[in-house]
Amino acid sequence: MSKISLRKCNGILSLSSYSYSSSSYSRSSKVKGSVVLNFECLDDAVTLFHQMVTMKPLPSVVDFSKLFNTMISMKHYWTVVSFFRQMWKLRITINGFILNSVINNYCLMHRADFGFSVLPIYLKNGIPFNTVTFSTLLRGIFSENKVKDAVELFKKLVREKICEPDEIMYATVMNGLSKRGHTQKTLSLLRLMEQGNTKPKIINYNIVIDSLCKARNLDAAINILNEMKQKDIPPNIVTYSSIIDGLCKLGQWEKVKTLFSEMVNLNMYPDVHTFNILIDGLCKDGKVEDVEEVMKHMVEKGVEPNVITYNVIMDGYCLRGQLDRARRIFDILIDKGIEPDIISYNILINGYCKKKKVDEAIQLFGEISQKGSKPNIVTYNTILRGLFGVGRIGVAKQVFVEMVSTGLVPNLSIYHTLLDGYFKYGLVEEAMSLFNKLERKTENIDITSYHIIINGLCKNGELDKAHAIFQKLSSMGLLPDVRTYNTMITGFCLQGLLDEAKDMLRKMEGNNCLPNNVTYNVIVQGYLRCRKINEMVTFMKEMTGRGFSFDATTAELLVNAISENPCVVDMLPELHAEIKK
DNA sequence: CCATACGTAC
């Protein structure tokens with residue numbers, strides 16, 4: 001008698017045949033044969049599968065299920081589809097676990113529609129749906145950004161009592177909403193749970209807290225933390241880490257310290273995740289000097305830095321233009337035997353590109369595949385931006401073609417890079433032809449795309465076309481935001497059409513879109529460039545009255561205007577201090 | 001008895 005056993009260890013899946021000398025169920029019996037298959041090699045998985053389906057008796061459905069999940073974790077989605085089809089043809093017994101995994105597999109391929117097509121198989125086989133089935137589908141729909149569809153499905157499940165959501169299904173919906181900016185809806189769902197049968201668990205609270213923190217609403221987040229304590233749902237390390245992240249991003253370092261002590265007092269010890277959040281916050285706030293101390297502290301506490309720790313630090317140095325230090329960090333990471341991931345490369349490539357050291361960036365880009373990693377869409381976007389940044393348009397076009405040939409599907413960010421690049425070098429026709437292609441599918445376009453087009457047309461002297469597109473926005477169901485208005489106003493100012501710029505400013509206020517610092521600076525700069533000092537002063541007063549201040553360009557123009565004509569100073573008595581800077 | 005869905009950092 002023999003039994004197939006699948007064991008997963010260290011990414012290696014092994015298939016072993018055990019023989020049993022007695023009737024007692026024991027694994028210590030001698031091993032008759034054993035095949036160890038390394039699943040980094042797809043062929044071996046296929047071989048294993050074929051061994052399994054030809055075995056008599058067949059391995060259990062649990063073994064197939066384990067194989068499927070291992071394949072899914074290795075992203076061999078199409079292989080799973082093929083395995084499932086073969087099992088189906090061979091009429092091998094299936095159950096709800098394996099069907100749920102097949103749905104998950106389709107969802108991870110961003111084909112939730114295929115996932116739905118698995119549902120009839122449950123019915124045909126008398127297998128009931130469960131909360132896992134629908135949680136998996138919901139996550140898949142969200143991952144395709146179809147928020148409305150996901151919410152609709154969730155409501156239908158509840159309304160038609162198809163399944164009673166558990167806290168994980170709620171968590172799936174809440175997370176889908178939260179990650180797409182729907183903070184209030186996420187909070188509402190928590191409140192709904194509190195009223196219903198499925199009481200919220202820590203995971204639901206954590207999602208809401210993270211959502212509020214990401215929306216920079218730290219007071220509300222801390223209120224929820226206090227609610228948890230009152231309701232005897234003890235916050236955990238994730239709860240605290242999320243809030244610490246929010247506080248770091250607002251630069252509230254005193255409160256960060258308070259929360260750290262609070263955690264430790266509750267016998268909760270910051271882990272590598274928490275420290276990475278802290279280090280990231282310090283780097284982003286320019287406090288790179290403090291990072292070393294934090295690193296020392298974490299190592300003393302027995303928390304080992306991981307690849308993300310080093311990535312965060314490299315990003316911090318790149319942000320400050322300290323590329324050499326970032327590259328040191330990269331070498332330390334290698335020295336420590338930590339494998340750089342694609343994000344490590346993306347951070348450094350971005351650092352080089354921002355410094356216009358595109359050749360170094362390309363060199364590093366080449367190293368990625370040698371080190372067994374693969375450039376992703378972000379890598380290509382970064383390289384493309386870098387190439388456009390130094391005017392190497394021909395190479396950029398080649399790289400784009402290469403990217404598509406590797407099977408990567410261009411996303412909106414890639415198109416934005418191309419459009420922006422074309423406009424920057426006066427390739428208006430090329431940009432517009434790409435834009436027209438994209439516009440045929442509305443899902444290809446967002447407000448940022450229009451922002452790039454309007455800006456590009458303005459900068460290339462095509463103000464009328466830009467204005468026409470601007471006018472068209474509302475009919476497309478897209479609301480111009482403050483950046484769109486600013487772009488249009490900048491365009492008018494560049495052409496000296498200051499009345500039009502002023503009209504646009506009033507129009508945005510009328511449309512409930514408040515002008516910001518950029519708006520006022522652009523208009524004041526427009527008046528300064530045309531030496532219309534009286535009008536400029538009017539706007540300057542309005543601007544300072546609203547608490548806005550000059551940016552460097554405005555200040556410089558003002559200084560120039562004064563040096564040309566010292567009388568200007570007399571018109572601005574209240575701004576003396578500002579000008580002296 | 002063994003296998004599937006959920007939360008924090010670049």
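Letters A, B, ... are given to chains in the order of the sequence lines, protein chains preceding strands, and every chain is numbered from 1.
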Where the side chain of [X] is concerned, which of [options] is the nearest nucleotide?
X        : options              : answer
A/Lys249 : B/dC10, B/dA3, B/dT4 : B/dC10
A/Ser101 : B/dT4, B/dT8, B/dA9  : B/dT4
A/Asp245 : B/dC10, B/dA3, B/dA9 : B/dA9
A/Phe97  : B/dA9, B/dT4, B/dT8  : B/dT4
A/Ile277 : B/dA9, B/dA3, B/dA5  : B/dA9

(request) Using a cut-off of strictly less than 4.0 Å, decide whether A/Lys214 has a side-chain nitrogen or oxygen near OP1 or OP2 of B/dA9. (result)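 For B/dA9, OP1/OP2 do have a side-chain N/O of A/Lys214 under 4.0 Å.
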(request) Apply the side chain to side chain contact (heavy atoms under 4.5 Å, CB included) test between A/Phe68 and each candidate in A/Val102, A/Asn105, A/Asn104; give the one that qualifies. (result)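 The side chain to side chain contact (heavy atoms under 4.5 Å, CB included) with A/Phe68 is passed solely by A/Val102 among A/Val102, A/Asn105, A/Asn104.
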Hey, does the side-chain of [X] have a donor or acceptor N/O within less than 3.5 Å of a partner on the base of [N]?
X        : N      : result
A/Asp315 : B/dC10 : no
A/Asn95  : B/dA3  : yes
A/Ser241 : B/dT8  : yes
A/Asn276 : B/dA9  : yes

Which part of the nucleic acid, if any, lies within reach of [X] when heavy atoms closer than 4.0 Å are counted: base, sugar-phosphate only, or nothing?
X        : value
A/Ile243 : nothing
A/Thr131 : base
A/Ile207 : sugar-phosphate
A/Asp166 : base
A/Val238 : base
A/Asn236 : base

Rounded to whole Å, please give me the gap between [atom1] in [X] and [atom2] in [N].
X        : N      : atom1 : atom2 : result
A/Asp341 : B/dC10 : CG    : C1'   : 8 Å
A/Asn306 : B/dT8  : CG    : P     : 16 Å
A/Met298 : B/dA9  : CE    : C1'   : 11 Å
A/Ile72  : B/dA3  : CD1   : P     : 15 Å
A/Ile349 : B/dC10 : CD1   : P     : 19 Å
A/Ile347 : B/dC10 : CD1   : C1'   : 5 Å
A/Asn311 : B/dA9  : CG    : P     : 14 Å
A/Ile279 : B/dT8  : CD1   : P     : 19 Å

(request) Please check if any side-chain donor atom of A/Tyr122 sits under 3.5 Å from a side-chain acceptor atom of A/Asn100, or the reverse. (result)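 Indeed, the side chains of A/Tyr122 and A/Asn100 share at least one donor-acceptor pair under 3.5 Å.
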(message) At a heavy-atom distance below 4.0 Å, what parts of residues 254-269 of chain A sit against DNA chain B?
(response)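 Result for residues 254-269 of chain A: none.
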(request) Tell me which residues in residues 133-162 of chain A put a heavy atom below 4.0 Å from DNA chain B, sorted by number, or none. (result)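 Result for residues 133-162 of chain A: A/Ser135, A/Thr136, A/Arg139, sorted by number.
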(message) Show the nearest heavy-atom pair for residues A/Ile209 and A/Ser242, with the distance to one decimal.
(response)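 Scanning both residues completely, I find the closest heavy atoms to be CG2-CB, 4.3 Å.
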Side-chain ion pair, [X] and [Y], N-O less than 4.0 Å:
X        : Y        : result
A/Asp324 : A/Arg328 : no
A/Glu194 : A/Arg191 : yes
A/Lys355 : A/Glu360 : no

(message) Could you check, using the six-membered ring where one of them is a Trp, whether A/Phe116 and A/Tyr106 have ring centers closer than 6.0 angstrom?
(response)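 Distance test on ring centres: not under 6.0 Å, no.
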(message) Between A/Tyr345 and A/Phe330 (judged by ring centroids, cut-off 6.0 Å), do the two rings come close enough to count as a pair?
(response)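 A/Tyr345 vs A/Phe330: aromatic centres under 6.0 Å.
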(message) My understanding is that only residues two or more places apart in sequence, or in another chain, count here; which of them pass ring pair (Phe, Tyr, Trp, His ring centres under 6.0 Å) with A/Phe154?
(response)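 Partners of A/Phe154 by the ring pair (Phe, Tyr, Trp, His ring centres under 6.0 Å) criterion, ordered by chain and then number, come out as A/Tyr170.
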(request) Answer yes or no: is there a donor N or O on one side and an acceptor on the other, between the side chain of A/Asn125 and the main chain of A/Ile121, under 3.5 Å? (result)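 Yes; judged by distance alone, with no hydrogens or angles, the pair exists.
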(message) With a 4.5 Å cut-off on side-chain heavy atoms, are A/Pro305 and A/Leu333 touching?
(response)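 SC-SC contact between A/Leu333 and A/Pro305 ruled out.
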